[in-house]
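Nothing here was measured: the structure is a model prediction, and the numbers come from that model. Naming: A, B, ... by sequence-line order, numbering from 1 per chain.
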Amino acid sequence: MGGLATAMLGCPGMPELPEVETIRRSLLSRLEGRRLVAVAASGSPLRQPIQEAAWQACVGARLEDLTRRGKYLIGHLGRHAAVFHLGMSGRLLVQPASSPAPAHTHLTLGFSDGLELRLVDPRRFGVAVVMPAEEVSLYPPLARLGVDPLEGDVEAALASLAGTRAPIRNALLDQSVVAGLGNIYANEALARAGIRPTTPAGRLSPARRARLARATRDTLADALAAGGTTLADGGFVDGDGNGGYFAVALRVYGREGQPCQECGAAIRRAVMAGRSAFYCPRCQR
DNA sequence: AAGCCAACCTGGACGC
DNA sequence: TGCGTCCAGGTTGGCT
């Protein structure tokens, strides 16, 4: 796999937009229309405590749909909406209720026909909240989100950054600008567009904005087609526990010191806003 | 006000 | 072998 340097990073597969979309499709195919029959929480808080009583109030409802906004998943359970975010280490697995629950299972949703949806999250940076369906669009983390790059106008979102001096890599990580990019795909989109991560976001020419918008969409679409990125130690998996194959296609992420596949120059790493940025010093200007 | 940065948490990699 | 240290990730909240 592409896991030489990624193994060094020691990071699990982070669920960014393509991984979350892959999970969404996988879960929906397994659970759509099934009735919620049981709820259990571990008692350990995620980013906030899990409100078990609120989840219990959903018992009896059917999972009518599962939608996505950026990296958030929204389960539609009758009058209730269930909002999930996987943080950095979260997994949503559909498993037989008879099977042993994995370590760090913090929320278990039992569905009809003996299937359980298990939220497994060792680092507990995730989110699992339930609320009345009509309130979900007001939920602040969702209300803040910018355009979804698979559906919205990324070029317009980039144009709105006029006057911003922050580096474009940081701006791409801002979920209120474009929703769904994490550090892997922000770096990969910039590599594909030939733009250096340190470029001030407000200084991109219209032509370069257009190229970055296209590169962002193409990078995400390719990753989605590959079933997402699973790094060497196998972090990301879909609801069936299967990994994705995009790691082999990574141009710069986790490849410090390795040759650029286009020009052979050594990939560089720089720390920006406390996060690693990777780029080819020759192809990205 | 924009933008940086620490904090949250854990497991894996690394050094001694 | 085993311990300690460092680091990654996404998001929020506090600070400048």
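Under the 4.5 Å side-chain heavy-atom criterion for Ile, Leu, Val, Met, Phe, Trp and Tyr, A:Y139 and A:V130 are members of distinct hydrophobic clusters.
Phosphate contact (OP1/OP2 of B:dC9, side-chain N/O of A:H104, threshold under 4.0 Å): absent. Taking 4.0 angstrom as the limit, A:R124 places a side-chain polar atom (N or O) nearer than this to OP1 or OP2 of B:dT10.
Sorted by first and then second residue, the salt bridge (Lys or Arg N to Asp or Glu O under 4.0 Å) pairs involving residues 66-77 of chain A (not counting sequence neighbours) are A:E21-A:R68, A:R68-A:D148.
A straight line from CG of A:N183 to P of C:dC7 spans 16 Å, rounded to a whole angstrom. Taking atom CZ of A:R123 as the reference point, atom C1' of B:dT10 lies 6 Å away to the nearest angstrom. Here the P atom of nucleotide B:dT10 and the CG atom of A:D121 are 10 Å apart, to the nearest Å. Atom pair A:L86:CG and C:dA8:C1' shows a separation of 17 Å (rounding to whole Å applied).
The backbone N or O of A:P149 lies less than 3.5 Å from no partner atom in the side chain of A:E151, so there is not a single donor-acceptor pair. Remark: side-chain polar atoms of A:S112 are paired, donor with acceptor, to backbone N or O of A:R35 under 3.5 angstrom.
Note: A:L220 CG to A:L181 CG = 5.5 Å, rounded to the nearest 0.5 Å. Between A:R255 atom CZ and A:I267 atom CD1 the span is 5.5 Å, to the nearest 0.5 Å. For the atom pair CG (A:L190) and SG (A:C280), the distance works out to 13.0 Å, reported to the nearest 0.5 Å.
Of the listed nucleotides (C:dA8, B:dG11, B:dC8), B:dG11 has the atom at the smallest distance from the side chain of A:P122. Side-chain proximity of A:H85 to the nucleotides C:dA8, B:dT10, C:dT11 is greatest for C:dT11.
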Item to complete: Please lay out, stage by stage, how A:R124 and A:S42 fare under the test side chain to side chain donor-acceptor pair (under 3.5 Å).
Response: CA-CA 12 Å; A:R124 295 194 276 119; A:S42 70; over 6 Å; no
Worksheet item: Would A:H76 and A:L66 count as a side-chain contact (heavy atoms from CB on, under 4.5 Å) if you check the C-alpha gap in whole Å, the side-chain angles of each, and the deciding distance to 0.1 Å?
Response: CA-CA 6 Å; A:H76 301 262; A:L66 185 65; 5.8 Å; no
Polar atom pairs between nucleotides 2-5 of chain B and protein, under 3.5 Å, N or O only, would you list them?
| residue | atom | partner | partner atom | Å |
| --- | --- | --- | --- | --- |
| B:dG3 | OP1 | A:R165 | N | 2.8 |
| B:dG3 | OP1 | A:A166 | N | 3.2 |

What N/O pairs connect the protein and nucleotides 12-16 of chain C at under 3.5 Å? Give each pair on its own line.
| residue | atom | partner | partner atom | Å |
| --- | --- | --- | --- | --- |
| C:dT12 | OP1 | A:R144 | NH2 | 3.0 |

